[in-house]
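What follows is a single structure, written as structure tokens, with notes after it.
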Amino acid sequence: MQKHRDRQELSRLRFTLEGCLAELQRVLRVVFGRSALVKGNVYELARKCGKPNCICTRGELHRSMVLTWSEKGKSRLLSLPSKRVAEVKKKSEEYLRFRRARARVTEIHRDILALLDRIEKLRREEPLR
Ligand SMILES: [Zn+2]
């Protein structure tokens, strides 16, 4: 027969577990999406070109929109034509949401396993002798 306190603790753990499952379902919504994902960040790059008499030497830097990402530990950069900026930006934001969801799944997963261990401990009983 379980002690009253153990039963209270068990129902509290079950309640917390239900909460984890609900959050997992909510977090996974982004994963069930179908839109394309682009890894990287879109931002405006302002730079000097290096030509000695260019306007950029007087402070008017060359501006362009770029996508940067890392690949096998190397930083990559791609200039974006202006007609593609909005689209790539949206896809890169979606990628970020996807990766955040993935990170959250790892945490929830860990929480669920910890709850299962506590539930197991409370429900376990020594075999009858
Ligand atoms: Zn220049």
Side-chain angles (χ1 to χ4, degrees):
M1 184 67 188
Q2 282 172 342
K3 283 175 280 180
H4 178 66
R5 210 177 46 209
D6 282 0
R7 272 180 291 154
Q8 269 187 331
E9 175 71 358
L10 257 179
S11 80
R12 209 180 55 78
L13 291 171
R14 280 199 200 96
F15 183 78
T16 309
L17 182 58
E18 295 283 359
C20 286
L21 296 177
E23 198 194 346
L24 190 59
Q25 201 149 32
R26 190 182 58 75
V27 167
L28 284 175
R29 266 183 224 145
V30 64
V31 176
F32 280 103
R34 288 183 165 84
S35 57
L37 311 171
V38 168
K39 181 182 178 179
N41 295 303
V42 174
Y43 65 92
E44 190 187 57
L45 190 69
R47 59 183 162 184
K48 292 179 179 177
C49 66
K51 291 175 193 156
N53 296 315
C54 184
I55 194 168
C56 67
T57 61
R58 296 189 291 278
E60 248 184 81
L61 302 176
H62 301 280
R63 294 176 183 279
S64 59
M65 295 303 285
V66 296
L67 174 74
T68 63
W69 71 101
S70 75
E71 201 175 280
K72 292 169 190 155
K74 278 187 170 178
S75 175
R76 306 285 311 269
L77 185 143
L78 179 74
S79 279
L80 295 172
S82 54
K83 63 176 182 206
R84 289 207 60 201
V85 169
E87 168 221 330
V88 175
K89 193 169 166 53
K90 191 169 173 280
K91 289 173 181 173
S92 72
E93 283 163 1
E94 194 60 19
Y95 177 80
L96 193 63
R97 288 182 64 213
F98 191 99
R99 294 296 297 186
R100 282 200 187 117
R102 190 189 185 282
R104 190 66 194 116
V105 167
T106 308
E107 291 169 356
I108 298 168
H109 182 230
R110 203 169 44 220
D111 290 348
I112 289 174
L113 288 179
L115 284 165
L116 295 194
D117 288 347
R118 288 169 69 191
I119 288 171
E120 180 186 334
K121 200 175 167 195
L122 285 168
R123 287 181 55 187
R124 236 178 114 173
E125 179 178 275
E126 291 305 314
L128 296 172
R129 271 167 286 209

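All values reported here derive from a predicted model rather than from experimental measurement. Counting starts at 1 for both ligands and their atoms, in listed order. What you see below is based on every heavy atom in this structure, not just the backbone, and it leaves out hydrogens, waters and symmetry mates.
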In a table with atom names and distances, give each donor-acceptor pair under 3.5 Å that connects a side chain of residues 28-37 to protein atoms at least two apart or in another chain.
none

Review point. With a cut-off of 2.8 Å, which protein N/O/S atoms are close to the Zn ion (ligand 1), if we only count those under it?
Key: C49 SG, C54 SG, C56 SG, H62 NE2
Distance-only check: which donor-acceptor pairs under 3.5 Å involve side-chain atoms of residues 105-120, not counting sequence neighbours?
| unit_1 | atom_1 | unit_2 | atom_2 | d |
| --- | --- | --- | --- | --- |
| T106 | OG1 | R102 | O | 3.1 |
| E107 | OE1 | R104 | NH1 | 2.5 |
| R118 | NH2 | E9 | OE2 | 3.0 |

Check your understanding: Which pair of non-hydrogen atoms, one from V38 and one from Y95, has the smallest distance, and what is that distance?
Key -> O-CB, 3.2 Å
Review point. Is any side-chain heavy atom of R14 less than 4.5 Å from a side-chain heavy atom of E18?
Key: no
Exercise for review: For the pair K90 and E93, evaluate salt bridge (charged side-chain N to carboxylate O under 4.0 Å, His left out) and give the outcome as yes or no after the intermediate values.
Suggested key: CA-CA 5 Å; K90 191 169 173 280; E93 283 163 1; over 6 Å; no
Under 3.5 Å donor-acceptor pairs involving side-chain atoms of residues 39-51, not counting sequence neighbours:
| unit_1 | atom_1 | unit_2 | atom_2 | d |
| --- | --- | --- | --- | --- |
| K39 | NZ | S70 | O | 2.9 |
| E44 | OE1 | R63 | NH1 | 3.2 |

